[in-house]
Amino acid sequence: MKAPIRVAVTGAAGQIGYALLFRIASGQLFGKDQPVILHLVEVPPVMGALDGVEMELDDCAFPTLAGVVKADSDHLEDGFADCNFVLCVGSVPRKAGMERGDLIRINGPIFTNTGKAIQAAAAKDVRIVVVGNPCNTNCLIAMANAPDIPRDRWYAMMMLDENRAVSQLAKKSGMTVADVKNMTIWGNHSATQYPDFYNATIGGKPAADVIGDESWLQDTFIETVQKRGAAVIQARGASSAASAANACIDTVKNIITPTPAGESFSAAICSDGSYGIDEGLICSFPLTSDGSNWSIKQGVKQNEWAQAKVDATVAELKEERDTVKDLLP
Ligand code: LMR
């Protein structure tokens, strides 16, 4: 058996946390030969419910679950101690009628302490995935408050958007989700994100040729993906949970698994200036992984219409950065 890895999940008793923990504990994320110690972090009023989650984890008798550590958010360093992954799920969710950016001054400040505690306590090889919204800018805040952690360890989750886009293209084309490749989301996890259908393929052919309806792609498809989170809130009365947890699993899998040749995945990472996108912004790009480090796929071309979409979502990221300037030391 391998040595256990430690995975912290904030918001562990919340809806996303509940959908996430059992998949990690059961070996679905890191494999059946990789023991995991889960660090469950919650706000103090929810610690009672977290005891119940721990009981249920015990009651599953997962062979891969090597231990559970619980900590409240007043003791974040205990929660993140020696963790190899920190999954920042906990945050106030948006309600119907809100944009994710409306949460920026509510959730943003939480991420200053998160960043400091990760730097102080986590393992030297820690990697962080931010799920709580607005995830790109929350990730930026945490990263700025943890200057000793290399900037290539920080991720904000975009796989929920990529999966939504893949699913829409598969449905429209009558093909399977496995036929859809390179469905990159550029920019912000917000209503300005750009789902780059021009560079996606379906069954090895350009998605636009297979769909054969550019106006559907430019209007209906993009808007459906951009506004899917709001549609789920409208329908469920609560924000996405199982699909968000699934996307978090997909993100970590994409990070730790070499990307198949010719393919890519979406995650927001600290921009290195590629494609003229401001260095330091947490922006989504097409990425490849060698199993431990990511690279931004280069040479992706945009037409004028698509470039305007990328520019708009990057402009929003810059505005969000300016809104939280006081939280960026
Ligand atoms: C989502 O995309 O479903 C989540 O980010 C939750 C939300 O507020 O939309």
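Every value quoted in this text rests on a predicted model; they were computed, and no experiment measured them. For ligands, and for the atoms within them, numbers begin at 1 and follow the listed sequence. FYI, side chains are in, hydrogens and waters are out, and symmetry mates aren't considered; it's all heavy atoms of this structure.
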Participant: Quick check on side-chain contact (heavy atoms from CB on, under 4.5 Å): which of Glu319, Glu320, Lys325 does Asp322 satisfy it with?
Facilitator: Lys325

Participant: Just let me know how Val232 lines up against ligand 1, side chain, backbone, both or neither, with a heavy-atom cut-off below 4.0 Å.
Facilitator: neither

Participant: Look at atom 7 (C) of ligand 1 and say which protein heavy atom is nearest, naming residue and atom and giving the distance to 0.1 Å.
Facilitator: Arg94 NE, 3.2 Å

Participant: Counting heavy atoms not belonging to Gln234, are there more than 12 under 6.0 Å from its CD?
Facilitator: no

Participant: Select one of side chain, backbone, both or neither to describe which atoms of Arg164 lie under 4.0 Å from any atom of ligand 1, heavy atoms only.
Facilitator: side chain

Participant: Does any N/O atom on Ser239 come nearer than 3.5 Å to any N/O atom on ligand 1?
Facilitator: no

Participant: Pull out every atom of ligand 1 sitting under 4.0 Å from any heavy atom of His189, numbered as shown with elements.
Facilitator: 1 (C), 2 (O), 4 (C), 5 (O)

Participant: If you measure from CZ on Phe197 to CZ on Phe221, what distance do you get to the nearest 0.5 Å?
Facilitator: 7.5 Å

Participant: Considering residues, nucleotides and ligands other than Arg94, do more than 12 of their heavy atoms fall under 6.0 Å from its CZ?
Facilitator: yes

Participant: May I ask whether Asn133 has any heavy atom positioned less than 4.0 angstrom from an atom of ligand 1?
Facilitator: yes

Participant: Going by the order shown, which atoms of ligand 1 are within less than 4.0 Å of some heavy atom of Ser240?
Facilitator: 1 (C), 3 (O), 4 (C)

Participant: Would Arg105 and Asp326 pass as an ion pair if we require N to O under 4.0 Å?
Facilitator: yes

Participant: Is the closest heavy-atom distance from Met158 to ligand 1 below 4.0 Å?
Facilitator: no

Participant: Look at the aromatic rings of Phe30 and Phe85 and report parallel, tilted or perpendicular, splitting at 30° and 60°.
Facilitator: tilted

Participant: So if I count the atoms of ligand 1 from 1 in the order they appear, which ones are less than 4.0 Å from some heavy atom of Gly229?
Facilitator: 1 (C), 2 (O), 3 (O), 9 (O)

Participant: Working to the nearest 0.5 angstrom, can you tell me the gap between Thr313 OG1 and Tyr194 OH?
Facilitator: 11.5 Å

Participant: Could you tell me which atoms of ligand 1, counted from 1 in the order shown, lie closer than 4.0 angstrom to a heavy atom of Leu160?
Facilitator: 1 (C), 2 (O), 3 (O)

Participant: Regarding Glu99 and Ser190, do their side chains bring together a donor and an acceptor under 3.5 Å, going by distance alone?
Facilitator: no

Participant: Measure the distances from the heavy atoms of Met98 to every atom of ligand 1 and state whether one is below 4.0 angstrom.
Facilitator: no

Participant: Can you tell me which portion of Arg228 lies within the under-4.0 Å heavy-atom range of ligand 1? Options are side chain, backbone, both, or neither.
Facilitator: neither

